[in-house]
Amino acid sequence: SVIFIKAFLVCLLAAGVIGLCAGIGIVKGVVDNAPDIDSTSVIPRGYKSVMIDSDGNKMAELITAGSNRVWVDIDKIPDHVQKAFIDIEDERFYEHNGVDLKGIVRAGVKGVASGFRKTEGASTITQQLLKNNVFDFMSEDTMMEKIERKLQEQYLALELEKIMTKDEILEAYLNTINLGQNTLGIQAASNRYFNKDVSELTVSEAAVIAGITKSPNKYNPVSDPEENAKRRELVLSAMKKNGHISDAEYEEAM
């Protein structure tokens, strides 16, 4: 029995080593097949065209599918608008290096506690930017495809943060995201929902738009204002919790 136990333990250890090596090899293969990227790879594509007359007056807007976007530089986006998105989507954005390990653990624990139902994601803003502009062509029909894409996404997020600043990543993200009603990016959404420039958005209006991000259909303020109102309150609560708005600003926005 002692010999059997020893042999069993040796076989178990060998199997573990072989499994570990195989796992490392698979991960390395997935990472090696990741797309090559640079800072231009994550810049959104597709913008609307505006026709103006000789006096500079707008005559018409030409918008094709997936192009209702107006680029806006990060220094033209108010701080409270930036923080609304960060606080609800990736509150440790300025702390992590592209992958939020704390967020992954938290999402995993909540997933187990809820019976393995997906209650929240752990993708960072950097990862979301890559998903929208680099991996938008990839299919995720099978579990293996989803795992492959997620591993590559996390690897490239680490690489992207080595060549781009946080402000550059956030600028590209805010000009990329789908915000419902055929609007792409924060400027187009500000025009669509409030008929104003992004620089004029109030805290409450910023929370309305930031709340759309999780699901442009479910949280659309035009087609489903009640669901958006619930999400807006979560955004405002997160902004207050993280110290980005005062109690007075929170009450006013509510």
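Side-chain atoms are counted along with the backbone in the values below, which use heavy atoms only and exclude waters and symmetry mates.
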Within the distance-only criterion (no hydrogens, no angle test), does the side chain of [X] pair as donor or acceptor with the backbone N or O of [Y] below 3.5 angstrom?
{"X": "N57", "Y": "D53", "value": "no"}
{"X": "E89", "Y": "I86", "value": "no"}
{"X": "R231", "Y": "I212", "value": "no"}
{"X": "D73", "Y": "K76", "value": "no"}
{"X": "N228", "Y": "V222", "value": "no"}
{"X": "N217", "Y": "N220", "value": "no"}
{"X": "Q82", "Y": "I77", "value": "yes"}
{"X": "R69", "Y": "P44", "value": "no"}
{"X": "N242", "Y": "A238", "value": "yes"}

Quick one about [Y] and [X] (side-chain donor to acceptor, distance below 3.5 Å, no hydrogens or angles considered), yes or no?
{"X": "S199", "Y": "D197", "answer": "yes"}
{"X": "N133", "Y": "T176", "answer": "yes"}
{"X": "N191", "Y": "Q187", "answer": "yes"}
{"X": "H96", "Y": "D90", "answer": "yes"}
{"X": "T165", "Y": "D167", "answer": "no"}

- request: Mind running side-chain contact (heavy atoms from CB on, under 4.5 Å) on I37 and V42 for me, showing each step along the way?
  value: CA-CA 8 Å; I37 63 167; V42 294; 5.5 Å; no
- request: Report, as yes or no, whether the 6.0 Å neighbourhood of atom CD1 on I163 holds more than 12 heavy atoms from other residues, nucleotides or ligands.
  value: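 Count over threshold, so yes.
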- prompt: Does CG in D75 sit with more than 12 non-hydrogen atoms of other residues, nucleotides or ligands closer than 6.0 Å?
  reply: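 It does: D75 CG has more than 12 such atoms within range.
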Between [Y] and [X], does any NZ, NE, NH1 or NH2 come within less than 4.0 Å of an OD or OE carboxylate oxygen?
{"X": "K102", "Y": "E95", "answer": "no"}
{"X": "E233", "Y": "K230", "answer": "no"}
{"X": "K166", "Y": "E161", "answer": "yes"}
{"X": "K196", "Y": "E205", "answer": "yes"}

message: Under 4.5 Å side-chain heavy-atom separation, chaining through any Ile, Leu, Val, Met, Phe, Trp or Tyr, what else clusters with V10? Say none if it is isolated.
response: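 Members other than V10 - counting any ILVMFWY side chain reachable under 4.5 Å - there are none.
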ILVMFWY clustering at 4.5 Å (side-chain atoms), partners of L236: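 L236 clusters with I88, V203, L234, V235, M239, I245, Y250, M254.
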Residue pair [X] / [Y]: nearest heavy atoms and the distance that separates them:
{"X": "F135", "Y": "R149", "result": "CD2-CG, 3.9 Å"}
{"X": "G185", "Y": "L179", "result": "O-CD1, 3.6 Å"}
{"X": "G98", "Y": "A157", "result": "O-CB, 3.5 Å"}

query: Is the shortest heavy-atom distance from the side chain of D224 to the side chain of Y219 under 4.5 Å?
result: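 Contact flag for D224/Y219 side chains = no.
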- request: Mind running side-chain contact (heavy atoms from CB on, under 4.5 Å) on F85 and I186 for me, showing each step along the way?
  value: CA-CA 10 Å; F85 283 87; I186 185 65; 3.7 Å; yes
query: Quick one: CG on L160 to CG on L156, what's the gap to the nearest 0.5 Å?
result: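 These two atoms lie 8.0 Å from each other.
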message: So, taking the atom named CD in Q128 and the one named OG1 in T213, what distance separates them when rounded to the nearest 0.5 Å?
response: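 Answer rounded to 0.5 Å: 8.0 Å.
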message: Run the salt bridge (charged side-chain N to carboxylate O under 4.0 Å, His left out) test on K241 and E91 for me, step by step, so that the C-alpha distance in whole Å, both residues' side-chain angles and the decisive distance to 0.1 Å come before the verdict.
response: CA-CA 10 Å; K241 182 192 75 173; E91 64 180 8; 3.2 Å; yes
- prompt: Y173 and T126: side-chain contact (heavy atoms from CB on, under 4.5 Å), yes or no, with the steps?
  reply: CA-CA 8 Å; Y173 169 81; T126 312; over 6 Å; no
